[in-house]
J.: 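One structure, pasted below without further comment.
All heavy atoms count here, side chains included; hydrogens, waters and symmetry mates do not.
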Amino acid sequence: MLTKILNSLRVGALSLMAILTLSVHAQSALPETGLTVGVAGDAPFVIHNPQNNSLEGISLTIWENIADKKNWEYQYKYFTTVDGALTALQQGEVDLLAGPISITSERVEKFLFSQPYYQSSLTIASRDENASIWGKIKPFFSMQLLIAVAIFLSLLAIVGLLFWLAERKHSPEQFPADPKRGIANGMWLAIVTMSTTGYGDMAPVSLKGRVVAGCWMIISLIFATSMIAGIASTLTVSSFSSSTITQVEQFPGKKIAASAGSPAIGFIEEHQGQKVLVNNLSQAMERLKDKSVDGVVFDRPQLLFYKNKHKAENIHIPSAEYYKQGYGFAFRADSKLVNDVNLVLLRLAEDQKIEQIMAEYLGDK
């Protein structure tokens, strides 16, 4: 009997030791000093006040909710660039990263990510400039338009000459023998024929003259419509385009600023823009303001937030969105924290807490 009691006590003690061991092992996933959370990115996801070194924003508010749910202790370490923060994470200087960290295939090869808590995209920012008076009339003095006008006048002169040669003997009152007057009248007939005005003051009477007129009608129909369409297109772009860049088709040859290491770099290269690397959005917008770059490619929510805070800078952001991407928390490849973070993120989403945080910073969409 005594032996059975002792055996029972031994089994109970071993079970208790196993439970304590598992508990200690579970806690060992966290450093004894707490977590070091790397922070990088731009407002409104990360708002850094250098005067008092305070940090806030969407990403940090979500993280603080997660840490509160898990009773985790942590300290922040701020980085000026996402690239620098990812390097620090890879080298073990921090345990995870919080901020607008885009989840890309290239990054997933090196790091673990939580599920995305926000779906973002890239867009373009440019200067919103109203065209000056010179800007409106400048297309009239462009080399392309001057060449087109020269070709048109030369063509009129040739047709006028043909009319004069065909009609001078048959209709001397309309096409006098004097070449200057005769060719000038021929050019006038070519103009009224092309424009379908048809005043009736002049008309070819010979067979040759009518053949010339018939050919000119067909040629002028094609030539005039093409030329008018080209001129109208040039003037429309000049008069109504109020921004340096509004679409990716304008990238070739233009200087476009983007953060080093961001997906925007590949986007700019794909559309043949000249990339200009910057550390953050503020630096990119400063370059846009001093006209050292023609445009900026950045994450859409950050650009919209910046524009709302700097309305006097006349920034144009088109409605087009590119490269859809999710933001998540980044971890080292051997981290044991990802599942816990994902579980809390799901609960926060189900409780609409993340939506409330977004509305607080971004407002109602």
Side-chain angles (χ1 to χ4, degrees), residues 37-48 50 55 57-60 76-94 96-113 116 118 120-127 244-245 248 251-307 315 317 321-333:
V37 181
V39 178
D42 293 281
F45 290 88
V46 172
I47 302 173
H48 177 231
L55 291 164
I58 292 173
S59 299
L60 303 189
Y76 288 137
K77 185 173 182 180
Y78 179 71
F79 295 88
T80 55
T81 66
V82 171
D83 242 14
L86 287 169
T87 300
L89 177 64
Q90 194 170 28
Q91 294 174 351
E93 296 177 23
V94 296
L96 70 143
L97 289 186
I101 313 297
S102 299
I103 305 172
T104 65
S105 58
E106 183 180 354
R107 290 174 178 174
V108 169
E109 291 178 355
K110 302 176 183 178
F111 307 99
L112 295 178
F113 280 88
Y118 185 84
S120 181
S121 61
L122 295 179
T123 194
I124 307 165
S126 57
R127 293 180 294 273
T244 305
I245 297 176
V248 294
F251 275 20
K254 298 292 180 66
K255 294 181 179 179
I256 313 294
S259 290
S262 75
I265 300 299
F267 177 74
I268 295 170
E269 291 175 343
E270 179 184 344
H271 292 92
Q272 302 174 16
Q274 297 179 16
K275 64 180 183 292
V276 177
L277 302 182
V278 295
N279 291 327
N280 49 51
L281 179 58
S282 297
Q283 191 178 105
M285 299 310 287
E286 282 298 321
R287 295 214 174 183
L288 182 66
K289 191 162 50 174
D290 65 22
K291 299 186 178 182
S292 60
V293 298
D294 302 297
V296 172
V297 172
F298 218 86
D299 294 4
R300 186 172 182 81
Q302 286 89 315
L303 282 174
L304 291 174
F305 186 83
Y306 184 95
K307 180 181 179 180
I315 301 165
I317 299 176
E321 298 181 44
Y322 311 92
Y323 277 30
K324 298 285 185 179
Q325 55 192 322
Y327 291 158
F329 297 99
F331 304 84
R332 290 195 303 272

J.: Mind checking the CG-OG1 spacing from Leu277 to Thr81? Nearest 0.5 Å is all I need.
T.: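 These two atoms lie 11.5 Å from each other.
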J.: Counting distance only, does the side-chain N/O of Asp42 pair as donor-acceptor with the main-chain N or O of Leu281 below 3.5 Å?
T.: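 Yes, Asp42 side chain to Leu281 backbone: donor-acceptor pair under 3.5 Å.
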J.: Just by distance, do the side chain of Ser59 and the backbone of Val46 share a donor-acceptor pair under 3.5 Å?
T.: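 The answer is no, because no donor-acceptor pair under 3.5 Å joins these two groups.
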J.: For Gln283, give me all partners under side-chain hydrogen bond (donor to acceptor under 3.5 Å, both in side chains), at least two apart in sequence or on another chain.
T.: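 Here no residue qualifies.
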J.: Please step through side chain to side chain contact (heavy atoms under 4.5 Å, CB included) for the pair Ser102 and Asp299, ending with a clear verdict.
T.: CA-CA 10 Å; Ser102 299; Asp299 294 4; 4.1 Å; yes
J.: Please report the interatomic distance CD1(Ile245) to NZ(Lys255), rounded to the nearest 0.5 Å.
T.: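 Here the interatomic distance stands at 12.0 Å.
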J.: Which is it for Glu93 and Thr87 under the side chain to side chain contact (heavy atoms under 4.5 Å, CB included) test, yes or no, and what are the steps along the way?
T.: CA-CA 9 Å; Glu93 296 177 23; Thr87 300; over 6 Å; no
J.: More than 12 heavy atoms of other residues, nucleotides or ligands under 6.0 Å from NZ of Lys307: is that the case?
T.: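 Yes, the 6.0 Å shell around NZ holds more than 12 heavy atoms from other groups.
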J.: Once side-chain hydrogen bond (donor to acceptor under 3.5 Å, both in side chains) is applied, do any residues pair with Ser262, and if so which ones, sequence neighbours excluded?
T.: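 Expected list: none.
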J.: Are any of the side-chain heavy atoms of Glu286 and Val278 separated by less than 4.5 Å?
T.: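 No, side chains not in contact.
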J.: Can you confirm if the aromatic rings of Phe45 and Tyr118 lie within a centre distance of less than 6.0 Å?
T.: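 Centroid distance Tyr118-Phe45: below 6.0 Å, so yes.
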J.: Under 6.0 Å from the CD atom of Glu321, do we count more than 12 heavy atoms belonging to anything else shown?
T.: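 Correct, the count exceeds 12.
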J.: First locate atom OG of Ser282, then atom CD of Gln302, and finally report the distance between them rounded to the nearest 0.5 Å.
T.: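 So the gap between those two atoms works out to 11.0 Å.
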J.: Only one of Val94, Leu86, Leu89, Val39 clears side chain to side chain contact (heavy atoms under 4.5 Å, CB included) with Phe79; which?
T.: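 The residue from Val94, Leu86, Leu89, Val39 that satisfies side chain to side chain contact (heavy atoms under 4.5 Å, CB included) with Phe79 turns out to be Val94.
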J.: Within this structure, what is the OG-CG distance for the pair Ser259 and Asn280, rounded to the nearest 0.5 Å?
T.: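 Those atoms lie 6.5 Å apart.
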J.: Are Gln325 and Leu122 close enough that some pair of their side-chain heavy atoms sits under 4.5 Å apart?
T.: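 With C-beta onward as the side chain, the pair touches.
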J.: Relative to the ring of Phe267, is the ring of Tyr322 parallel (under 30°), tilted (30 to 60°) or perpendicular (over 60°)?
T.: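 It falls in the tilted class, 30° to 60°.
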J.: Quick one: CD1 on Ile124 to CD1 on Ile256, what's the gap to the nearest 0.5 Å?
T.: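 Spacing of CD1 (Ile124) from CD1 (Ile256) equals 7.5 Å.
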